[in-house]
J.: 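First the structure, then my questions, so here it is.
Each chain gets a letter, A, B and so on, in the order its sequence line appears, and its residues count up from 1.
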2 protein chains.
Amino acid sequence: MVQRKRSSCGLHLVNPDRDCNSCDLPKKCIGEGLDKEQIDTISSIIQQQGPIKPGEAIFRMEDRFRSIYAIQSGTVKIESALDDGTPLIHGFYFSGELVGVEAVGDSHYQSDAIALETTWVCEIPFERIETLCIEIPKLQQEILHLLGKRIRYTNRTIVQGRYLSADRRFLLFLNDLYQRKGEIKADGSRRVTLPMTKGDIAIHLGLRPESLSRALSKLQEEGVLRNRAREIEILGDNEGLLSCVWM
Amino acid sequence: MVQRKRSSCGLHLVNPDRDCNSCDLPKKCIGEGLDKEQIDTISSIIQQQGPIKPGEAIFRMEDRFRSIYAIQSGTVKIESALDDGTPLIHGFYFSGELVGVEAVGDSHYQSDAIALETTWVCEIPFERIETLCIEIPKLQQEILHLLGKRIRYTNRTIVQGRYLSADRRFLLFLNDLYQRKGEIKADGSRRVTLPMTKGDIAIHLGLRPESLSRALSKLQEEGVLRNRAREIEILGDNEGLLSCVWM
DNA sequence: CGACCTGTTGAACTCCGTCAAGGCGTGTGG
DNA sequence: CCACACGCCTTGACGGAGTTCAACAGGTCG
């Protein structure tokens, strides 16, 4: 039996349990709580895209901003670079989450969205969403709240992470990851599968790969987690992760 | 002669040169490019508040989110804390800028907004702005773009700053500060007056006060700037600041 | 005047970055 | 099938940037 925990991180747009076959919207997209007619209107402007293969881009820095994208399946990393070329990973996004919202109000995306696995997305032209918001106040509210949530998410992860040591920074990241896509296995063990490389995680956390590797070894030694190739098993009690972060 | 440079950082809501005595809006508030009637409508829902003395709060973490605030004069720092109590400064905001937008879509503010100088603000009830957005599409667009800009601003300052050394991190901060409130004096010298303590700047940059102090001494020695009590003078050529940041 | 806050400086220590080497899994080509 | 290369990860040794702890200088305010 596999049980999925769901986000308290505010990145999910819709209830993943919602039965989307009963409407014309691709599963896991915007428009939570709207009536049939409104959902039909939204459906008419969005468009499914895929498959996007690992390493391929959904959008790039140079592209003009036109749409935001709801991920239907797969994993996406948002990546840019400093002026001197050092890479910068802003975040990882999964099925049911949105990418591209950072570009709202700008002429171009200012980062690349790269698929880490074979990925399907749902393109949502933003100008038409803005127009629709006039007719559907609830949609306007959803979009506004969405942007607010993204600001708070950055504050809770990257901004707060700055003040933490390497191992705690990773635990903060792991906790978020577990909330969003962690699984409880049949034997009761709590695990997170990593679709990204540990090198990418290191960059995202503002660390060197070597430093992250050492932090992981240390945490494993302390019995906090089990470090596998593409999977982290979380040991200790239920709320143990965050209590480790904050001592 | 004092000349003011203006923001390319996207935090300003309106053109500061706009003649606001000709309308009912307190100077420097939202509603750029709207007609007289629309501005009157907005005016009717906003309310001026002040004076807020140094150390007093505009809002606090515990407060329910109801309004965003446009700063009319003064300086505000946005502050919170990690779970273990270590302070965290998210940013500093000046006359003509907005605070509280991070809370859009949440029930409470999740940070304190503290005045650093005697400050006047303009309260903008957000629920009523949301309603007005239905009638005034241009206003909706302004608010959406505003939130997007805030996300990008955090990306450019805090997120990118993480990857820089202490002195470059400060230069990035100083450059932003100079764009937003720097002055060119009569003798041609370019200066930034600091309304916040250097201790607060250090916290904001994720550094210890001692580390920032050392970085400032180093930069002064190198002839990049002159470090005064409450003022930084920028030496070197016009575009020198950022070129120092990126080598 | 003395208490207090802010900022600066020095010395020892710590954590992370850097450089270098090696292990492991995967894919490819002989 | 094995050899080899390659990417990813880990480990070790070293050095450096920033933290910590402590002392002190300058300014402000009671």
J.: Out of dT9(C), dT6(C), dT8(C), which has the shortest distance to the side chain of Lys198(B)?
T.: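 Side chain of Lys198(B) sits closest to dT8(C).
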
J.: Is the phosphate of dT11(D) approached by Ser217(A) (side-chain N or O, under 4.0 Å from OP1 or OP2)?
T.: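 For dT11(D), OP1 or OP2 has a side-chain N or O of Ser217(A) closer than 4.0 Å.
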
J.: Is it true that the side chains of Glu123(A) and Gln49(A) contain a donor and an acceptor less than 3.5 Å apart?
T.: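 A pair is found: one side chain offers a donor N or O, the other an acceptor, under 3.5 Å apart.
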
J.: Among side-chain atoms of Lys198(B) and Asn227(B), is any donor-acceptor pair under 3.5 angstrom?
T.: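 A donor-acceptor contact under 3.5 Å links the two side chains.
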
J.: Under 4.0 Å, counting only non-hydrogen atoms across every strand here, what does Leu212(B) touch: a base, just sugar-phosphate, or nothing?
T.: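 If one applies the 4.0 Å heavy-atom cut-off, Leu212(B) turns out to touch nothing in the nucleic acid.
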
J.: Please report, rounded to the nearest Å, how far the P atom of dG7(D) is from the CZ atom of Arg230(A).
T.: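 In whole Å, dG7(D) P and Arg230(A) CZ are 15 Å from each other.
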
J.: Out of curiosity, Phe170(B) CZ to Leu164(B) CG, how far, rounded to the nearest 0.5 Å?
T.: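 Phe170(B) CZ to Leu164(B) CG: 13.5 Å, rounded to 0.5 Å.
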
J.: CG of Leu164(B) versus P of dA17(D): gap in Å, rounded?
T.: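 In whole Å, dA17(D) P and Leu164(B) CG are 15 Å from each other.
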
J.: Look at the side-chain N and O atoms of Asn227(A) and state whether any lies under 4.0 Å from the OP1 or OP2 oxygen of dT10(D).
T.: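 Answer yes for this pair, as a side-chain N or O of Asn227(A) is under 4.0 Å from OP1 or OP2.
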
J.: What is the separation between atom CD1 on Ile203(B) and atom C1' on dT19(D), rounded to the nearest whole Å?
T.: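 Value for this atom pair: 14 Å.
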
J.: Between the protein and nucleotides 12-16 of chain D, which nitrogen or oxygen pairs are less than 3.5 angstrom apart?
T.:
{"unit_1": "dG12(D)", "atom_1": "N7", "unit_2": "Arg214(A)", "atom_2": "NH1", "d": "3.0"}
{"unit_1": "dG12(D)", "atom_1": "O6", "unit_2": "Arg214(A)", "atom_2": "NH2", "d": "3.2"}
{"unit_1": "dA13(D)", "atom_1": "N6", "unit_2": "Arg214(A)", "atom_2": "NH2", "d": "3.3"}

J.: Mind checking if Ser211(B) touches a base, just sugar-phosphate, or nothing, with heavy atoms under 4.0 Å?
T.: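 Base contact.
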
J.: Side chain of Arg208(A) only, please: which of dT9(C), dT18(C), dT6(C) is the nearest?
T.: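 Minimum distance to the Arg208(A) side chain belongs to dT18(C).
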
J.: If you only use heavy atoms from C-beta on, which nucleotide in dG18(D), dC8(D), dT11(D) is closest to the side chain of Ser165(B)?
T.: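 Shortest atom-to-atom distance from the side chain points to dG18(D).
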
J.: Are the side chains of Ser80(A) and Gln110(A) in touch, meaning some heavy atoms are under 4.5 Å apart?
T.: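 Side chain of Ser80(A) against side chain of Gln110(A), heavy atoms only: no contact under 4.5 Å found.
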
J.: In whole Å, I'd like the distance from the CE atom of Met196(A) to the C1' atom of dC9(D).
T.: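 Going from Met196(A) (CE) to dC9(D) (C1'), I get 16 Å.
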
J.: Could you tell me whether Lys181(A) sits above the aromatic face of Phe94(A), with NZ or CZ closer than 6.0 angstrom to the six-membered ring centre and within 45 degrees of the axis?
T.: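 The answer is yes, since Lys181(A) meets both limits relative to Phe94(A).
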
J.: Counting any heavy atom closer than 4.0 Å, what does Asp167(B) reach on the DNA or RNA strands: base, sugar-phosphate only, or nothing?
T.: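 Asp167(B): no heavy atom of the nucleic acid under 4.0 Å.
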
J.: Please give, in whole Å, the distance from dC15(C) C1' to Leu207(B) CG?
T.: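 Result: 15 Å.
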
J.: Using whole Å, report how far OH of Tyr163(A) lies from C1' of dG18(D).
T.: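 Result: 15 Å.
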
J.: Please work out whether the ring planes of Tyr69(B) and Tyr109(B) are parallel, tilted or perpendicular, with thresholds of 30° and 60°.
T.: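 Tilted, since the angle between the ring planes falls between 30° and 60°.
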
J.: Between atom NZ in Lys218(B) and atom P in dA17(D), what is the gap in whole Å?
T.: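 Rounded to the whole Å, the gap is 7 Å.
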
J.: For residues Thr119(A) and Ser73(A), determine if any side-chain heavy atom of one lies less than 4.5 Å from a side-chain heavy atom of the other.
T.: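 Result no, sub-4.5 Å side-chain heavy-atom pair not found.
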
J.: Measure CD1/Ile201(A) against P/dT10(D) and give the value in whole Å, please.
T.: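 It is 10 Å, rounded to the nearest whole Å.
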
